[in-house]
Amino acid sequence: MKQSVKNAFLLGGICTVAYMFVYFVRNILSVVSPKMINDGMYSESEIGSLSSIFFITYAIGQLINGILGDKIKAKYMLSLGLILSGLTNFVFCFENTNFISAYISYALCGFFLSMIYGPMTKLVAENLEPIYASRSSVAYNFSSHLGSPIAGIVAVIFAWQLVFLCGGLTLVLCGVACYIIFTYLEKKGVITYKVSDNTEVKRNGIKMLFERKIVKFTAVSLLTGIVRTTVVFWLPTYYTQYLGYTPEQSAIVFTVTTLITSLNALLAITIYEKLNRNLDLTMILSFGTSAIFFISCIFIKQPITNVIFINLAIFAANCSSTMLWSRYCPGLRSTGLVSSATGFLDFVSYMAASISSTIFANAVTDIGWNGLIIVWSILMFLGVFVSIPYDKNTHYLDE
């Protein structure tokens with residue numbers, strides 16, 4: 001086996017496991033929210049506020065930590081982010097009756113988790129050949145979708161407080177393991193760090209980002225962020241309130257469906273390759289299919305069929321998300337600003353998720369679930385127009 005392939009397995013594998021646990025913890029509030037509401041601990045609006053605060057701090061953290069990720073070793077960023085976010089889950093678990101402590105701890109959890117993705121993408125992009133960097137990125141983005149079913153399984157087994165406790169412990173152990181393994185790989189020469197403080201280089205890098213459609217992909221990040229984060233977050237509540245499932249049934253359905261939709265990363269890359277690596281066309285098909293499946297949910301009331309259609313809509317939208325995070329971001333290697341660009345795009349994604357989470361929580365009361373589904377389908381139709389190429393420069397990424 002070529003050394004470059006071995007390095008890809010080593011580095012990509014570590015990032016894949018770490019990112020899976022990040023999303024396990026990120027999805028806990030979503031899967032246990034029906035139980036929290038039923039217990040009378042929190043209302044829908046309070047759950048919406050918690051999620052919004054998390055997304056805001058996560059978004060701001062992506063912007064800050066994305067820039068820091070181009071200056072500080074990923075070993076420190078990742079391990080510290082995992083450990084500190086794990087500790088905040090412990091606080092949330094034991095201080096959940098104190099709303100101020102609960103909100104502060106959950107907000108800090110969002111910020112600390114934002115220390116992971118930008119530095120991780122830079123680490124992979126700059127230490128692996130472009131083809132292996134892209135495939136490793138697909139792997140850890142695929143693993144992020146496994147976090148939802150894992151959270152669902154744990155939520156079925158344990159009380160919601162214990163689910164947060166399990167998540168915190170997992171992150172702390174993962175953070176310690178990452179520090180040890182990255183230190184070992186540094187000594188072996190598998191990991192090296194490219195840090196530039198040259199102002200002219202940064203200026204050229206920013207200019208290159210605009211040439212490489214950063215504005216267009218900012219819009220893609222906004223739209224896919226709403227679906228992959230906010231819509232998925234409210235799925236268990238949607239299953240309970242709109243389709244009539246019990247909280248326990250809702251958690252099981254959420255676990256099964258998110259496990260299936262996690263395969264979107266593999267399908268997206270397959271479609272991308274079949275379409276001669278045409279990024280724009282892949283996203284047009286993705287957004288268009290998602291819009292059709294969302295609008296179909298209004299006319300199909302049978303619970304099982306409705307569950308299938310709404311998850312197909314999310315599945316399709318997430319194919320565009322895969323293109324953004326697994327193809328576009330690692331393809332910015334030559335700009336020297338992979339972490340900063342990834343952090344900025346993630347910032348946009350989660351700011352959109354934060355705002356939409358609060359809006360959706362109130363919209364359920366004002367316009368009902370049918371009205372909300374129409375909004376989701378309109379957003380996906382907008383994605384189609386955003387993805388249409390308006391010039392001939394369709395090959396703008398590192399190969």
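Under the 3.5 Å distance criterion, the side-chain polar atoms of Asn306 are matched with a main-chain donor or acceptor of Ile300. Between the Thr183 side chain and the Tyr179 main chain, a donor and an acceptor come within less than 3.5 Å of each other. Formation of a donor-acceptor pair under 3.5 Å by the Ser250 side chain with backbone atoms of Pro236 is found in this model.
In terms of hydrophobic clustering, with Ile, Leu, Val, Met, Phe, Trp and Tyr side chains grouped at heavy-atom distances under 4.5 Å, Ile292 and Phe299 are assigned to different clusters. Two different hydrophobic clusters hold Ile67 and Ile214 under the rule that ILVMFWY side chains link at heavy-atom gaps under 4.5 Å. Criterion: ILVMFWY side-chain heavy atoms under 4.5 Å apart, direct or through other members. Under it, Leu285 and Phe381 are not part of a common hydrophobic cluster.
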Give every donor-acceptor pair under 3.5 Å between a side-chain atom in residues 57-64 and any protein atom, sequence neighbours left out.
{"unit_1": "Thr57", "atom_1": "OG1", "unit_2": "Ile53", "atom_2": "O", "d": "3.1"}
{"unit_1": "Thr57", "atom_1": "OG1", "unit_2": "Phe54", "atom_2": "O", "d": "3.0"}
{"unit_1": "Thr57", "atom_1": "OG1", "unit_2": "Ala107", "atom_2": "O", "d": "2.6"}
{"unit_1": "Tyr58", "atom_1": "OH", "unit_2": "Gln62", "atom_2": "NE2", "d": "3.1"}
{"unit_1": "Gln62", "atom_1": "NE2", "unit_2": "Asp346", "atom_2": "OD2", "d": "2.9"}

Per-pair distances, 0.1 Å, donor-acceptor, side chain in residues 13-26, under 3.5 Å, sequence neighbours excluded:
{"unit_1": "Thr16", "atom_1": "OG1", "unit_2": "Gly12", "atom_2": "O", "d": "2.6"}
{"unit_1": "Tyr23", "atom_1": "OH", "unit_2": "Arg26", "atom_2": "NH1", "d": "2.7"}
{"unit_1": "Tyr23", "atom_1": "OH", "unit_2": "Arg228", "atom_2": "NH1", "d": "3.2"}
{"unit_1": "Tyr23", "atom_1": "OH", "unit_2": "Tyr350", "atom_2": "OH", "d": "2.9"}
{"unit_1": "Arg26", "atom_1": "NH1", "unit_2": "Tyr350", "atom_2": "OH", "d": "2.3"}
{"unit_1": "Arg26", "atom_1": "NH2", "unit_2": "Tyr350", "atom_2": "OH", "d": "3.1"}

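Of the candidates Leu222, Ile226, Thr224, Ile226 is the only one forming a side-chain contact (heavy atoms from CB on, under 4.5 Å) with Leu379.
Within the 4.5 Å cutoff, the side chain of Ser290 has no heavy atoms near those of the Val227 side chain. The closest side-chain heavy-atom distance from Lys301 to Tyr242 is below 4.5 Å. Between Asn311 and Leu235 the shortest side-chain heavy-atom distance falls below 4.5 Å. At a threshold of 4.5 Å between non-hydrogen side-chain atoms, the residues Tyr117 and Tyr140 count as touching. Residues Lys216 and Met283 meet the side-chain proximity criterion, which asks for heavy atoms closer than 4.5 Å. Side-chain atoms of Phe344 and Leu209, non-hydrogen and from C-beta on, never get closer than 4.5 Å to each other.
Lys75 is linked by a salt bridge (charged side-chain N to carboxylate O under 4.0 Å, His left out) to Glu186, counting only residues two or more places apart in sequence or in another chain. For Phe309, the ring-ring contact (aromatic ring centres under 6.0 Å, His included) test picks out Phe293, with sequence neighbours left out.
Rounding to the nearest 0.5 angstrom, the gap separating the CD1 atom in Ile150 from the CG atom in Asn27 is 10.0 Å. Interatomic distance, SG of Cys174 versus CG of Leu169, reported as 11.5 Å (0.5 Å rounding). Between Lys274 atom NZ and Leu281 atom CG the span is 14.5 Å, to the nearest 0.5 Å. One distance of note links OG1 of Thr282 with CD of Glu273; it measures 9.0 Å at 0.5 Å rounding. Once rounded to the nearest 0.5 Å, the distance linking OG of Ser387 with CZ of Phe217 reads 7.5 Å. Considering CG of Leu372 and SG of Cys297, their distance stands at 11.5 Å, rounded to 0.5 Å.
Applying the salt bridge (charged side-chain N to carboxylate O under 4.0 Å, His left out) rule to pairs touching residues 305-318 yields nothing, sequence neighbours excluded. Contacts classified as side-chain hydrogen bond (donor to acceptor under 3.5 Å, both in side chains) and involving residues 314-323 (residues at least two apart or in different chains) are given here: Asn264-Thr322, Ser286-Ser320, Ser321-Trp325.
In Ile157, the CD1 atom is crowded: over 12 heavy atoms of neighbouring residues, nucleotides or ligands sit closer than 6.0 Å.
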